[in-house]
Amino acid sequence: PGGYFPNGYDIHAEGLMIPPIKIYDRGVERTDVLELIWNNVRWPDGVKIDNYALMAALQVCDNRVVALLDKYGKPTVKDAVEEMLDRMEANVRAQLAEVPDGTYYGESATDDDGTILDELVWVRCAATIKGDELILDFSESDAQRPGFVNCVYSSTYSRAVAGSFLYFDPVYSEFHNEGSMRPITVVAPEGSVCNAQYPATVGGSPVNVGTQVLEATVNALSKAMPDKAIAGWGRRRGHYIAGTDPRSGERYVQTTTDADGGTGAVYGYDGFEGAMGMSGLGSIRRGSVEEIEIRFPWRAERYQYLPDLSGAGKWRGGSGMLWEVQNMGGDVGVATGSSDGDLTQPPGAGGGEDGPLSHMYIRSGDEVTPARTHRMVQIKTGEILGKV
């Protein structure tokens, strides 16, 4: 249990809670701190790679900021930053001021919380536009749950703001910054599924119910700005496969290919095919079939679009996807915790139809067994994992 694996009974089952602490001190790596982390996780090699990737990214940022300061000087750089913040604030306020004042409602649900099964968990958003300000209020959402789908406030805030950015002029899409956020207030009461409090499990925050926060925001703002309406994206069919590769004897975790459906239609345009996950707004790339087959003991059997599996309307949603892989190694465990769509459908917008339900299954010969969302399932050697 922990992360996208259901049934962790409190946050301590989900990982280490580390207060702010230096892992580099004046350019010197704090190896003792890093080893403390690596010795307390199940897959230290993977975490080590992740840690060093983060450090490398920060070093690139550090180098570029220092080069900028060296070239222009601190006062000029600081003045330019303030100007960029002020300009984006002004741009966002001007666009909000063009929208009729009022309160607009949207909602979205995930299939369950992984502990209490088959009971929908609801996120509800009241988007109030008043003059040049926007309030996104999630007060009517469900109370925090015993299962792992709870959102922390930072995740709720980021997804609510990201959803609102979709309705501003796309010419600004590469320039949004802190100034863009100044006219936007996000309300999520403590103890709700959108602002869960200790010791609630929150491993699914980015996807469940993070996706629902984003979708409820989009659902509400589509009513405020119908000429920019956006339908829900195909439900996420994610997995985490944990096993041992018989070719090397090494443990592995395979997360690199998911069978998400396409994006929802936007007013005036059909949805895109094959984008990965509304929660990341299509910014995440799937691993290729060749990568999967080389790195892991799995063989791709089918990986194709299903053109009749999308939300219908004047502009249709992106096509669904059929994905099947065969387990060529030993018996494995699969967590379907980052999935959705057995019970809930991506909502249409502007009169368009909802997207269809989706499903996951295990095929052994002629026998097909459902693999439900937010569960742990076992797959034996030779069996096929499929998603639609």
Side-chain angles (χ1 to χ4, degrees), residues 1-8 14-15 38 41-54 114 148 203-204 206-208 211 234-261 274-277 279-280 282-304 321-342 358-364 368-388:
Y4 292 122
F5 290 67
N7 297 324
E14 295 189 312
W38 300 333
V41 294
R42 296 184 180 92
W43 197 40
D45 288 343
V47 174
K48 186 178 295 186
I49 291 168
D50 202 28
N51 291 158
Y52 280 124
L54 290 166
F148 72 116
V207 177
N208 311 95
T211 297
R235 284 290 185 253
R236 178 171 171 77
R237 306 305 304 193
H239 67 263
Y240 282 68
I241 301 173
T244 300
D245 191 334
R247 301 170 297 181
S248 63
E250 295 182 353
R251 296 170 62 200
Y252 71 89
V253 177
Q254 201 269 79
T255 67
T256 49
T257 302
D258 292 316
D260 304 31
M276 188 169 169
S279 179
S283 62
I284 302 171
R285 293 185 179 181
R286 292 185 183 85
S288 67
V289 167
E290 291 77 15
E291 178 193 9
I292 301 302
E293 294 185 334
I294 291 170
R295 292 182 60 197
F296 306 107
W298 289 79
R299 182 175 68 201
E301 298 288 327
R302 303 179 74 180
Y303 193 18
Q304 66 192 69
M321 183 175 288
L322 170 61
W323 182 86
E324 286 189 348
V325 289
Q326 185 175 25
N327 179 12
M328 307 299 290
D331 297 352
V332 299
V334 179
T336 65
S338 59
S339 297
D340 236 333
D342 286 341
S358 54
H359 62 278
M360 190 181 307
Y361 55 89
I362 301 168
R363 183 151 54 83
S364 180
V368 177
T369 305
R372 297 288 304 283
T373 59
H374 306 167
R375 268 68 159 187
M376 292 287 294
V377 297
Q378 301 297 315
I379 300 182
K380 300 182 181 300
T381 302
E383 292 183 334
I384 288 174
L385 173 64
K387 307 178 186 182
V388 176

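Nothing here was measured: the structure is a model prediction, and the numbers come from that model.
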### Query
Would you say Trp323 and Leu385 make side-chain contact, with heavy atoms under 4.5 Å?
yes

### Message
Using modelled atom types and a 3.5 Å cut-off, is there a donor and acceptor pairing between side-chain atoms of Thr381 and backbone atoms of Gly329?
### Response
yes

### Message
Let me confirm one number: the OG-NE2 distance from Ser339 to His359, rounded to the nearest 0.5 Å.
### Response
12.5 Å

#### Entry: Least distance between heavy atoms, Val289 atom then Ala300 atom
CG1-CB, 3.6 Å

### Message
Restricting to non-hydrogen atoms, name the atom on Phe296 and the atom on Gln254 that form the minimum distance, rounded to 0.1 Å.
### Response
CD1-CG, 3.2 Å

### Query
Partners of Asp50 by side chain to side chain donor-acceptor pair (under 3.5 Å), sequence neighbours excluded?
none

### Query
Which residues pass the side chain to side chain donor-acceptor pair (under 3.5 Å) test with Gln378, sequence neighbours left out?
none

### Query
Any donor and acceptor pair, going by atom type alone, linking the side chain of Thr373 with main-chain N or O of Asp342 inside 3.5 Å?
no

### Message
Distance check, rounded to the nearest 0.5 Å: Asp340 atom CG versus Thr211 atom OG1?
### Response
7.5 Å

### Query
Looking only at heavy atoms, which two atoms of Gly341 and Arg235 are closest? And how far apart?
CA-CG, 3.6 Å

## Note on the structure
Closest heavy-atom pair, Ala335 versus Met376, reported as atoms and distance to 0.1 Å, is CB-SD, 3.6 Å

### Query
Taking the six-membered ring for Trp, are Phe148 and His374 parallel (under 30°), tilted (30 to 60°) or perpendicular (over 60°)?
perpendicular

### Query
So which of Asn327, Ile362, Asp331 actually passes side chain to side chain contact (heavy atoms under 4.5 Å, CB included) with Lys380?
Asp331

### Query
Roughly how far, to the nearest 0.5 Å, is OG1 of Thr336 from OH of Tyr240?
12.0 Å

### Query
For the residue pair Gln326 and Gly382, what are the closest heavy atoms and their distance?
NE2-O, 2.9 Å

### Query
How many angstroms lie between atom CZ of Arg295 and atom OG of Ser288, to the nearest 0.5 angstrom?
10.0 Å

### Query
Do the non-hydrogen side-chain atoms of Arg236 and Val207 ever get within less than 4.5 Å of each other?
yes

### Message
Rounded at 0.5 Å granularity, tell me how far OH in Tyr252 sits from CG in Asp245.
### Response
7.0 Å

### Query
Do you know which of Gln304, Arg363, Lys387 makes side-chain hydrogen bond (donor to acceptor under 3.5 Å, both in side chains) with Glu324?
Arg363

### Task
Specify the closest pair of heavy atoms between Val332 and Gly243, including all atoms of both residues, with the distance to one decimal.
CG1-CA, 3.9 Å

